[in-house]
Number of protein chains: 2
Amino acid sequence: MSKSEEKHQTRRRGADLEDAVLSAAWDLLKEVGYQEFTMAEVAKRANAAKPVLYRRWPEKSSLAASAIIKFGPKLDATIPDTGSLRGDLVTFFNQLIKIFDMFGAEKFRGLVTDRLKSIPIEKLFAAPNSDNMLQSAIEQILEQAEKRGEVDTSKLSPRVLQLPGVLFINEVVGQAVVTKQVIAQIIDEILIPVFTAKK
Amino acid sequence: MSKSEEKHQTRRRGADLEDAVLSAAWDLLKEVGYQEFTMAEVAKRANAAKPVLYRRWPEKSSLAASAIIKFGPKLDATIPDTGSLRGDLVTFFNQLIKIFDMFGAEKFRGLVTDRLKSIPIEKLFAAPNSDNMLQSAIEQILEQAEKRGEVDTSKLSPRVLQLPGVLFINEVVGQAVVTKQVIAQIIDEILIPVFTAKK
DNA sequence: ACATATAAGAAACTTTGGTATCTTATTTAT
DNA sequence: ATAAATAAGATACCAAAGTTTCTTATATGT
């Protein structure tokens with residue numbers, strides 16, 4: 001038996017093994033979606049033992065989230081600048097739903113609610129030890145708006161800055177499709193009034 | 001053996017059995033909270049078989065919700081009338097958190113996220129076939145406000161009417177305690193601007 | 001090079017949600 | 001009264017999350 005065939009003798013460790021697991025997890029997630037995603041199947045595909053997964057990720061939803069962060073579609077880092085707060089928000093949220101649609105929103109079903117069992121909502125859009133992409137995008141959009149005189153960012157509390165994320169998650173958790181109309185309603189009826197409120 | 005001792009011969013049915021199960025479920029929920037609440041234990045305490053539970057409730061979270069609706073603290077049906085929209089909202093939400101605190105908010109942990117897997121958020125505060133208590137209370141408060149000239153209810157969409165519920169659920173799902181300060185922030189920074197926005 | 005620490009691998013196990021099957025008590029209609 | 005329909009009860013079962021235990025390969029420090 002040649003050395004290369006002796007798979008059972010070649011143990012991967014550290015990053016190598018981690019990458020293999022995440023890669024298998026991402027493949028499985030694409031194929032079957034979160035609900036049918038099982039730890040045993042990921043382990044099998046990665047030729048790893050189940051405890052290997054649990055030594056790194058405390059639970060299934062955590063592994064799935066890591067795989068999405070590593071291999072999933074990335075949020076476009078460029079912030080729109082359409083000339084108005086409303087336009088920027090509309091453009092930004094439409095980018096966001098496009099990403100979800102690209103991957104297939106139904107593939108995520110169950111993941112968000114599972115994640116919410118162990119992490120607060122404002123960490124949902126953040127990789128570990130990194131900041132909340134969504135919220136920082138909103139902050140940049142609001143700073144642009146302030147330059148135009150549309151808002152006064154000194155009046156905006158953390159709670160208000162988290163509101164777009166909360167509303168977006170709320171739509172994603174619900175089974176309905178997030179359409180452009182829904183986005184427009186959220187922006188016109190809720191976000192703009194809140195951001196432009198006078199204290 | 002007297003007839004009354006022959007428990008194994010006396011089969012309860014329909015409402016009798018259902019009540020016994022809900023009662024056992026409520027007791028267990030009070031004792032151990034939702035996370036440690038198991039279907040097997042409820043069945044055991046109710047002297048019922050597990051399939052009896054699943055014939056009536058499709059899943060654990062549904063049984064727990066039914067027990068809370070039947071035996072849990074009830075929302076005070078009287079709508080506050082303090083003379084201002086802000087006062088009414090503050091009073092109402094403080095009533096709401098008092099109910100949660102009375103029962104012990106930590107007892108609910110996990111229930112909301114489980115419920116959200118099968119029902120939309122706007123049904124969370126509604127008994128089956130009945131309307132959303134929280135939302136109808138908000139509507140009444142807003143009608144009072146309209147009489148005072150504080151808002152124009154014709155401008156308020158369903159999405160806006162659901163916002164208080166969404167924000168409240170969001171706080172309940174997060175692990176933080178919902179304090180009076182949090183309530184005041186939500187009302188001042190979000191709800192009032194949204195309700196009083198001019199279209 | 002060798003001892004020691006670390007973590008992979010294998011496999012069995014525990015717990016719980018949820019289902020399926022079968023028997024039999026109770027209800028309901030005739 | 002009796003037959004047929006209904007649903008309770010008992011029990012075994014399945015699937016999957018997560019854990020435990022033990023062996024052994026690899027890495028690391030001396």
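Below, chain A is the first sequence line, B the second, and so on; all start at residue 1.
Neither side chain, B:Gln185 nor B:Gln181, offers a donor N or O lying under 3.5 Å from an acceptor on the other.
A donor N or O paired with an acceptor N or O is not found under 3.5 Å between the base of C:dT27 and the side-chain atoms of B:Arg13.
To the nearest angstrom, C1' of D:dA8 lies 13 Å from CG of B:Asn47. Regarding A:Trp57, its CH2 atom lies at a distance of 19 Å from the C1' atom of D:dA16, rounded to whole Å. When rounded to the nearest whole Å, the span between CG of B:Asp16 and C1' of D:dA8 equals 13 Å. In this structure, A:Lys44 atom NZ and C:dA8 atom C1' are separated by 20 Å, rounded to whole Å. Straight-line distance from the CG atom of B:Leu53 to the P atom of C:dT19: 12 Å, rounded to whole Å. Rounded to a whole Å, the CG atom of B:Leu17 is 13 Å from the C1' atom of C:dA25.
A cation-pi arrangement is present between B:Lys60 and B:Tyr34 under the rule of less than 6.0 angstrom and at most 45 degrees off the ring axis.
Contact between the side-chain N/O atoms of A:Arg11 and the OP1/OP2 oxygens of C:dA10 is not found at any separation under 4.0 Å.
Ionic pairing of A:Lys147 and A:Glu143 is not present here: no N-O contact between side-chain nitrogen and carboxylate oxygen is shorter than 4.0 angstrom.
Ring geometry for B:Phe108 against B:Phe103 counts as perpendicular: the plane angle is over 60°, on a 0 to 90° scale with 30° as the lower cut.
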Measure all distances between protein nitrogen or oxygen atoms and nitrogen or oxygen atoms of nucleotides 17-20 of chain D, and list the pairs falling under 3.5 Å.
from   : atom 1 : to      : atom 2 : distance (Å)
D:dA17 : OP1    : A:Phe37 : O      : 3.3
D:dA17 : OP1    : A:Lys60 : NZ     : 3.3
D:dA17 : OP2    : A:Met39 : N      : 3.2
D:dG18 : OP2    : A:Lys60 : N      : 2.9
D:dG18 : N7     : A:Lys50 : NZ     : 2.7
D:dG18 : O6     : A:Lys50 : NZ     : 2.6

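The side chain to side chain contact (heavy atoms under 4.5 Å, CB included) check on B:Ala145 picks up B:Leu85, B:Arg148, B:Glu150, B:Val151, with sequence neighbours excluded.
Not a single donor-acceptor pair under 3.5 Å links the side chain of B:Ser130 to the backbone N or O of B:Ala126.
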